[in-house]
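Beneath this line is the structure, given in structure tokens, with notes to follow.
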Amino acid sequence: MAKAITARNENYSEWYLDIVKQANLASNSAVRGCMVIKPNGFAIWERMQRQLDDMFKETGHVNAYFPLFIPKSFLSREADHVEGFAKECAVVTHYRLKNAEDGSGVIVDPEAKLEEELIVRPTSETIIWHTYRDWITSYRDLPLLINQWANVVRWELRTRLFLRTAEFLWQEGHTAHATAEEALEEALKMQEVYATFAEEYMAMPVLRGVKTVNERFAGAIDTYTIEALMQDGKALQAGTSHNLGQNFAKAFDVKFSNADNQEEYVWASSWGVSTRLIGGLIMTHSDDEGLVLPPKLAPVQVVIVPIPKPNETLDAKARELMEQLKARGVRVTYDDDAKQRPGFKFAENELKGIPIRLGLGKRDLENGTIEVARRDEKTKESQPLEGIVDHVVQLLADIQQNLFDRAVRFREEHTTYVDTFEEFQEVIERNIPGFVYAHWDGTTETELKIKELTKATIRCIPNDRPEEQGVDMLSGKPSQGRVVFAKAY
RNA sequence: CGGGGCAUAGCGCAGUCCGGUUAGCGUGCCUGCUUUGGGAGCAGGAGGCCCCAGGUUCGAAUCCUGGUGCCCCGACCA
């Protein structure tokens, strides 16, 4: 029996949940809003982590680890920051339990109240900048380029697996610099690292841009973002990089002596991507048959299926093939479960998103062929066994490229330029609205009004936007260029 | 946090309105036989604090009260 995956055009969010559940990526847990990331899902995260970590190291960063808990007073040191996060913080107030006197179980021991409550980190700027105060005294200590892999907690009211959970895994980079220029450069560099990762590894095209005042990180001077378009025409903020200026240095009194022995506040950046990327990966490529993974991030890239079932001859051939593929760096498995028939395995492996399936049967051995099926286009063809390793290696690269091209095409088909508010409303109300480029007068007031009227937000002001004189589609005030609107996750 | 819905076998559900043998169905799981190039068939079997806690009743999956969790819509959301 086919497992039922809701069709995308029938109910997109049901479809998304079906994929997550049936591909065994994650499930809800006993804790509200917190998910269990299952082995299939975590394997994807591990591949993302490994690649990102390499990219961070290549750009000069090192890893460190800071505490899960933040003293409450730290959070309030930076005014905008606390305002941005206060409403979604988990707070630790006690440090001990005891048995209830009526035998009903354990209760919080009222004697064990903390003098100062601890916040479970929603992000680590405050605890890290408190620490940096001790680490930085001279320009010789700069730049300080640190990343941490961690979990954070934001008490979201409405959660969705991977896309928004109360606890999530992420990395957060926190850098300190001697000049404003360097901090800005760092923020932009990391935005580009994220964009490269998204496009080259996730095969997910992204817009690079800067957030409006209204949308930027609490405590930042500017927030740079990468924005991807999902198959339902909604935008996903996939990663952000913040130029923090001297805001946190001032809040935590982090100063250094420059080469002229003058005391200055340190300049900062911070940047992060999270397990939300897995949600973006799913919503960019997957189809009604299940998960579709880009080869570079697929935990398993090739599966060999013995047809109709494993036997000594097929096993030997499969093992030989696997050795050859592994030698070329291909992640390959052999689906040698004797209890399942081929058709079942085909469906299962498609559901899991394995990019290439190799079907190997008696007929193939006789003919010197093998059946090569690609997940992305759901096509299959018989290939000579001779040279199959080269073919597979090339096909993995082709699939990676095809997924990216397909996503770019989708984005192009769902990108619209409008000049009037009527047009804007028409596009935003479509089934698949997409990105809408329109003129905006630069005020938060207009931005909020548009959001109120249409639910669309300004995703970003593109980094590379051409200057273009125009008028705001709603207020009629002058504008120097277009910004990107969309409905967003 | 507001409105609505749901919670019964690993998963998906019926039964609940109108209380009454041993709580069913599909799928999955185990055993055996037959099958096997796109989700196999037959036979046998195992598997249930019917979400939790109280209450009503001779008797509760079913009625009442209070919790908890999940889903959908909305508000909120670096």
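Sequence lines set the chain letters: A, B, ... in the order given, protein chains first and strands last, and positions in each chain run from 1.
On the C1' atoms, B:C71 is 26 Å away from B:C63, given to the nearest whole Å. Atom C1' of B:A40 sits at a distance of 15 Å from the matching atom of B:G28, rounded to the whole Å. Spacing between B:A23 and B:G47 at atom P, rounded to whole Å, works out to 13 Å. Annotation: B:C18 and B:C76 have their C1' atoms spaced 44 Å apart (nearest Å). The same atom, P, is picked in B:C51 and in B:U16; the two are 15 Å apart, to the nearest Å. B:A75 and B:G66 have their P atoms separated by 29 Å, given to the nearest Å. B:U21 sits 24 Å from B:C13 when the C1' atoms are compared, rounded to a whole Å. Comparing the P positions of B:U57 and B:C11 gives a spacing of 36 Å, expressed to the nearest Å.
The list of salt bridge (charged side-chain N to carboxylate O under 4.0 Å, His left out) pairs with a residue in residues 281-290 of chain A, not counting sequence neighbours, reads A:Arg8-A:Asp288, A:Asp287-A:Arg375. Residues in residues 12-33 of chain A take part in no salt bridge (charged side-chain N to carboxylate O under 4.0 Å, His left out) pair, two or more places apart or across chains. Residue pairs meeting the side-chain hydrogen bond (donor to acceptor under 3.5 Å, both in side chains) criterion with at least one member in residues 215-229 of chain A, sequence neighbours excluded, are A:Lys211-A:Glu227, A:Thr223-A:His242, A:Thr225-A:Glu227, A:Glu227-A:Arg459.
The residue from A:Asn151, A:Thr275, A:Val120 that alone fulfils the side-chain contact (heavy atoms from CB on, under 4.5 Å) condition with A:Glu167 is A:Asn151.
Between A:Lys339 and A:Asp337 no salt bridge is recorded (no basic side-chain N to carboxylate O distance below 4.0 Å).
In a base pair of the Watson-Crick type (N1 to N3 plus N6-O4 or O6-N4) or a G-U wobble (N1-O2 and O6-N3), with each distance short of 3.5 Å, B:U57 is matched with no nucleotide. Applying the Watson-Crick and G-U wobble criteria (two distances, each under 3.5 Å), B:A9 pairs with nothing in any strand. Base-pair partner of B:C51: B:G67 (Watson-Crick or G-U wobble, both distances under 3.5 Å). A 3.5 Å limit on both hydrogen-bonding distances identifies no Watson-Crick or G-U partner for B:G19. Pair assignment for B:A46 gives none, since no Watson-Crick or G-U wobble pairing has each distance under 3.5 Å. Using Watson-Crick or G-U wobble geometry with both donor-acceptor distances under 3.5 Å, B:A75 finds no partner in any strand shown.
Across all strands, A:Phe168 comes closer than 4.0 Å to base atoms (heavy-atom distances). Across all strands shown, A:Glu125 has no heavy atoms under 4.0 Å from either base or sugar-phosphate atoms. Within the 4.0 angstrom heavy-atom criterion, base atoms lie near A:Trp170. Across all strands, A:Arg216 comes closer than 4.0 Å only to sugar-phosphate atoms, never to a base (heavy-atom distances).
Closest-nucleotide positions on RNA chain B for A:Ala488 and A:Arg357 were compared, and the one nearer the 5' end corresponds to A:Arg357. Residues A:Glu88 and A:Lys378 each lie close to RNA chain B; by heavy-atom proximity, the contact nearer the 5' end of the strand is made by A:Lys378.
If you take CZ of A:Phe217 and C1' of B:C77, they are 14 Å apart, rounded to a whole angstrom. Distance CZ (A:Arg276) to P (B:C77): 13 Å, rounded to an integer number of Å. A:Gln22 has its CD atom 13 Å from the P atom of B:C11, to the nearest Å.
Aromatic ring centres of A:Phe217 and A:Phe85 lie closer together than 6.0 Å.
In terms of the side chain to side chain contact (heavy atoms under 4.5 Å, CB included) criterion, residue partners of A:Lys449 (sequence neighbours excluded) are, by chain and number, A:Glu445, A:Leu453, A:Leu474. By the side chain to side chain donor-acceptor pair (under 3.5 Å) test, A:Asn63 is found to be paired with A:Asp53, A:Asn147, residues two or more places apart in sequence or in another chain being considered. In this view, A:Gln301 satisfies the side chain to side chain donor-acceptor pair (under 3.5 Å) rule with no residue, not counting sequence neighbours. Listed by chain and residue number, A:Trp45, A:Glu46, A:Trp149 satisfy the side chain to side chain contact (heavy atoms under 4.5 Å, CB included) test with A:Gln49 (two or more places apart in sequence, or in another chain).
Within 6.0 Å of CH2 in A:Trp155 there are 12 or fewer heavy atoms belonging to other residues, nucleotides or ligands.
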Output side-chain donor-acceptor pairs under 3.5 Å for residues 66-79 of chain A, partner residues at least two apart or in another chain, one line each.
residue, atom, partner, partner atom, Å
A:Lys72, NZ, A:Glu117, OE1, 3.3
A:Ser73, OG, A:Glu116, OE2, 2.7
A:Ser76, OG, A:Ser73, O, 3.0
A:Arg77, NE, A:Ala251, O, 3.1
A:Glu78, OE1, A:Asp80, N, 3.2
A:Glu78, OE1, A:His81, N, 2.9

Got a list of side-chain donor-acceptor pairs under 3.5 Å for residues 305-315 of chain A, not counting sequence neighbours?
residue, atom, partner, partner atom, Å
A:Asn311, OD1, A:Thr313, N, 3.0
A:Asn311, OD1, A:Leu314, N, 2.8
A:Asp315, OD1, A:Tyr334, OH, 2.5

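Judged by atom type and distance alone, A:Glu350 reaches the base of B:G38 through a side-chain donor-acceptor pair under 3.5 Å.
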Contact pattern, 5' to 3', of nucleotides 29-37 of chain B - B, S or - by protein heavy atom under 4.0 Å: S-----BBB
Got a list of protein N/O to nucleotides 44-53 of chain B N/O distances below 3.5 Å?
none

Write out a two-atom table: protein N or O, nucleotide N or O from nucleotides 68-72 of chain B, distance below 3.5 Å.
residue, atom, partner, partner atom, Å
B:G69, OP2, A:Arg32, NH2, 3.3
B:C70, OP1, A:Gly33, N, 3.2
B:C70, O3', A:Asn28, ND2, 3.2
B:C71, OP1, A:Asn28, ND2, 3.4

